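First up is the structure itself, then whatever we jot down about it.
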Amino acid sequence: MANALRELVKSRLEQRGWSYGDVARRGGVPRSTVHHLATAERVTRMPQQATLEGLARGLELPLEAVRRAAAEACGIHLYFEEPPGATADPEVATLIASVRRLTPDDRRHVTALVESLLRNTHRPDADADAGAADPDHSDGGGASSSRGGGSD
C-alpha cells in the first residue's frame with residue numbers, strides 16, 4: 001500500500017522547492033516530524049490533531065487534505081464530508097473510519113452499543129419517559145386499538 005501522506009508531503013516539497021525545515025517553521029512542528037512523515041514507508045497510527053494542523057499550515061494545504069492522506073496512509077478510510085460551515089471533529093472521523101477494521105461480530109457489538117446510547121441520551125423526551133417501558137420491547141402502545149374493532 002502506498003503511503004499517501006508521504007506522497008503528499010514529498011510532492012508539495014518538490015512543487016514549492018521547500019525543505020523539511022521550511023515546512024516545520026511555517027507549521028510550528030518539529031523538523032524531525034516533517035522528515036519522518038515525508039520518508040516513512042508506513043504510518044502505523046493516525047498523527048495527532050495538532051501535528052496534522054501544523055503540517056497543513058506548513059504545506060499550505062487544507063487540513064482536510066492532510067487528514068485524508070494521513071488516514072489513508074495508516075489504513076483508515078474516511079467516508080463522510082462535513083457540512084459547509086461545520087467544525088470537523090477528528091475523534092468522530094477516526095472512530096467512524098476505525099469501525100471498518102473491526103471483525104463483523106465486534107461491529108455488531110459497537111452498533112448495539114451506539115443504538116443503546118442514542119436511545120437513552122438523544123431522545124428529547126427521554127427524561128419524561130424515564131419510567132415508561134422500552135419501546136423496542138412493546139407493541140407500540142396504542143397500535144392495537146387502531147387495528148379495527150373500535151368505533152371512530
Side-chain angles (χ1 to χ4, degrees), residues 1-138 140-141:
M1 156 174 44
N3 180 337
L5 184 58
R6 178 182 69 191
E7 297 308 314
L8 178 69
V9 173
K10 285 175 68 174
S11 69
R12 193 67 170 174
L13 291 174
E14 289 172 12
Q15 287 172 354
R16 299 293 176 109
W18 292 335
S19 68
Y20 302 134
D22 294 334
V23 173
R25 276 187 297 281
R26 230 183 343 276
V29 294
R31 182 195 173 283
S32 60
T33 299
V34 177
H35 178 266
H36 172 73
L37 295 174
T39 60
E41 199 63 35
R42 284 186 57 223
V43 177
T44 57
R45 53 184 282 242
M46 190 74 168
Q48 295 290 320
Q49 177 67 14
T51 300
L52 295 174
E53 290 170 355
L55 190 59
R57 271 192 316 273
L59 294 171
E60 296 180 356
L61 288 171
L63 174 58
E64 193 59 29
V66 175
R67 180 182 291 123
R68 285 187 184 283
E72 185 180 328
C74 60
I76 298 173
H77 302 281
L78 303 179
Y79 293 102
F80 65 92
E81 297 289 327
E82 293 293 332
T87 302
D89 185 339
E91 289 178 359
V92 171
T94 301
L95 176 64
I96 290 170
S98 298
V99 168
R100 183 179 182 114
R101 300 173 83 182
L102 298 175
T103 66
D105 282 343
D106 287 344
R107 282 194 300 266
R108 281 190 287 278
H109 290 296
V110 170
T111 299
L113 173 63
V114 169
E115 288 172 350
S116 174
L117 290 169
L118 290 172
R119 268 195 311 274
N120 293 327
T121 61
H122 288 92
R123 283 185 29 223
D125 59 341
D127 293 333
D129 291 348
D134 184 349
D136 290 341
H137 295 100
S138 69

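Just so it is clear, the values below take in all heavy atoms, side chains as well, and ignore hydrogens, waters and symmetry mates. Small disclaimer: the values here were computed from a predicted structure and weren't measured.
- Summarising the geometry, atom CG belonging to L55 is positioned 7.5 Å from atom CG belonging to L8; distances are rounded to the nearest 0.5 Å.
- R108 is linked by a side-chain hydrogen bond (donor to acceptor under 3.5 Å, both in side chains) to D105, counting only residues two or more places apart in sequence or in another chain.
- Taking CG of L37 as the start and CG of L52 as the end, the distance is 8.5 Å to the nearest 0.5 Å.
- Closest non-hydrogen pair, E60 versus R12, comes out as O-NH2, 2.9 Å.
- Checked against ring-ring contact (aromatic ring centres under 6.0 Å, His included), H35 has the following partners two or more places apart in sequence or in another chain: Y20.
- Scanning both residues, A4 and A69, for their nearest heavy atoms gives CB-O, 3.7 Å.
- Heavy atoms from other residues, nucleotides or ligands lying under 6.0 Å from CD of Q48 number 12 at most.
- Across M46 and A70, no two heavy atoms sit closer than the pair SD-C, 3.9 Å.
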Check the pair R67 / E64 against salt bridge (Lys or Arg N to Asp or Glu O under 4.0 Å), numbers first and verdict last.
CA-CA 5 Å; R67 180 182 291 123; E64 193 59 29; 2.8 Å; yes
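- For A65, the side chain to side chain contact (heavy atoms under 4.5 Å, CB included) partners at least two apart in sequence or on another chain are P62.
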Might you work through the side chain to side chain contact (heavy atoms under 4.5 Å, CB included) test for V23 and V9, ending with a clear yes or no?
CA-CA 9 Å; V23 173; V9 173; over 6 Å; no
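- Closest heavy-atom contact between R6 and A38: CG-O, 2.9 Å.
- Rounded to the nearest 0.5 Å, atoms OG1 (T103) and NE2 (H109) are 7.5 Å apart.
- For the atom pair R57 CZ and L63 CG, the distance stands at 9.5 Å (nearest 0.5 Å).
- Atom CD in E41 sits 7.5 Å away from atom CG in N3 (nearest 0.5 Å).
- In plain terms, the two heavy atoms of P47 and L5 that are nearest each other are CG-CD2, 4.4 Å.
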